[in-house]
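Lettering of chains follows the sequences in order, A, B, ..., and the numbering in each one begins at 1.
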2 protein chains.
Amino acid sequence: MGEKDDNLEPVDLDLGKVLTALADPHRRRVIRELAQADTGTERTCASFRLPVSKATVTHHFRVLREAGLIRQVDRGNSRAAALRREEIDTRFPGLLPLIAEEISP
Amino acid sequence: MGEKDDNLEPVDLDLGKVLTALADPHRRRVIRELAQADTGTERTCASFRLPVSKATVTHHFRVLREAGLIRQVDRGNSRAAALRREEIDTRFPGLLPLIAEEISP
DNA sequence: CCTTAGGTATGATGGATGTCATACCTAAGT
DNA sequence: ACTTAGGTATGACATCCATCATACCTAAGG
């Protein structure tokens, strides 16, 4: 249960993995922008314009996905990232507002 | 403003440092036990019985102190650690319950 | 005085992590 | 068909980090 990156139930979210994922400012920026956007918003990895190489962007999104914070849906050409808002809010209420309200560093 | 480990104002608490500090299970356990205890509780570092060497315990408590999560008051022989509950709750409301409710891993 | 307990300082070490360059793949546009 | 854009895979590299052993300090109790 819950090994396939996607299809994570709220109960599978691990606080350690989540906090580790959110310890990085780039990854926090991604989650912050998704949390501030409308629920269900899907964005490509590139749209965040992280100031790192493509390979590093892929790395960061993998960490976020494996922590259960985002879902990446294949869209042929690209992959859209969406916040797992419900699961996060269910398991860790109050976490997203904490990230969303950070003053962008 | 806020370089002297102690005397940190809530506004000085940095989310990145706080999340990094809480990413470690040993440090999370310390904060969890302090958060579950009565407000104002002071405990020695040794009383947490972390399964690591004394030097490593000192390291973990330094990280917690520099993140602004605890205050260490000198008591001659030993040093007592106390949660900076007010500052944390003011700056990051909802964070402590998140840590406190984790099922002890 | 000696011992013990709680902490710190320092240096070493192995593992995790953020980063990149390079090469490659796929789909869309021209 | 060629090019471009978004992503991934792999391997390398430097740095950070958790950990320890050792040595040292201070205060309390015998």
Inset, instruction - Determine yes or no for a side-chain-to-main-chain donor-acceptor pair under 3.5 angstrom, with B/Arg71 supplying the side chain and B/Ala81 the backbone. - result: no
Legend entry - Pairwise 5' ranking along DNA chain C for A/Thr20 and A/Pro51, keeping only the more 5' one: A/Thr20
Inset, instruction - Would you mind reading off the distance between B/Asp24 atom CG and C/dG15 atom P, rounded to a whole angstrom? - result: 18 Å
Inset, instruction - Taking the side chain as every heavy atom from C-beta outward, state whether B/Ile88 and B/Leu69 have any pair of such atoms under 4.5 Å apart. - result: yes
Are there any protein N/O atoms within less than 3.5 Å of an N/O atom in nucleotides 6-9 of chain D, and if so, which ones and at what distance?
| from | atom 1 | to | atom 2 | distance (Å) |
| --- | --- | --- | --- | --- |
| D/dG7 | OP1 | A/Cys45 | N | 2.8 |
| D/dG7 | OP1 | A/Arg79 | O | 3.1 |
| D/dG7 | OP2 | A/Ala46 | N | 2.7 |
| D/dG7 | N7 | A/Lys54 | NZ | 3.0 |
| D/dG7 | O6 | A/Lys54 | NZ | 2.4 |
| D/dT8 | OP1 | A/Arg79 | NH1 | 2.6 |
| D/dT8 | OP2 | A/Thr58 | OG1 | 3.0 |
| D/dA9 | OP2 | A/Arg62 | NH1 | 3.4 |

Inset, instruction - Could you check how far CD of B/Glu66 sits from P of D/dA18, rounded to whole Å? - result: 12 Å
Legend entry - Backbone N/O of A/Ala21 and side chain of A/Arg27: donor-acceptor pair under 3.5 Å: yes
Inset, instruction - For D/dC20, take OP1 and OP2 only and decide whether either is under 4.0 Å from a side-chain N or O of B/Thr56. - result: yes
Legend entry - Value in whole Å for how far the P atom of D/dA27 lies from CZ of B/Arg75: 15 Å
Legend entry - Reported CD-to-OG1 distance for the pair B/Glu87 and B/Thr90, which is rounded to 0.5 angstrom: 7.0 Å
Inset, instruction - Nearest whole angstrom, please: distance from the C1' of D/dC17 to the CG of B/Leu64. - result: 14 Å
Inset, instruction - Return the value, rounded to whole Å, for the distance between atom CG of A/Leu19 and atom P of C/dT17. - result: 14 Å
Inset, instruction - Classify the nucleic acid contact of A/Arg27 as base, sugar-phosphate or nothing, counting any heavy atom under 4.0 Å across all strands shown. - result: sugar-phosphate
Inset, instruction - May I ask you to test the A/His60-A/Cys45 pair for a side-chain heavy-atom distance under 4.5 Å? - result: no
Inset, instruction - Answer yes or no: does a side-chain N or O of A/His60 lie under 4.0 Å from OP1 or OP2 of C/dT17? - result: no
Legend entry - D/dC20 OP1/OP2 closer than 4.0 Å to side-chain N/O of B/Ser53: yes
Inset, instruction - Would you check if A/Leu15 and A/Leu95 make a side-chain contact, meaning some heavy-atom pair closer than 4.5 Å? - result: no
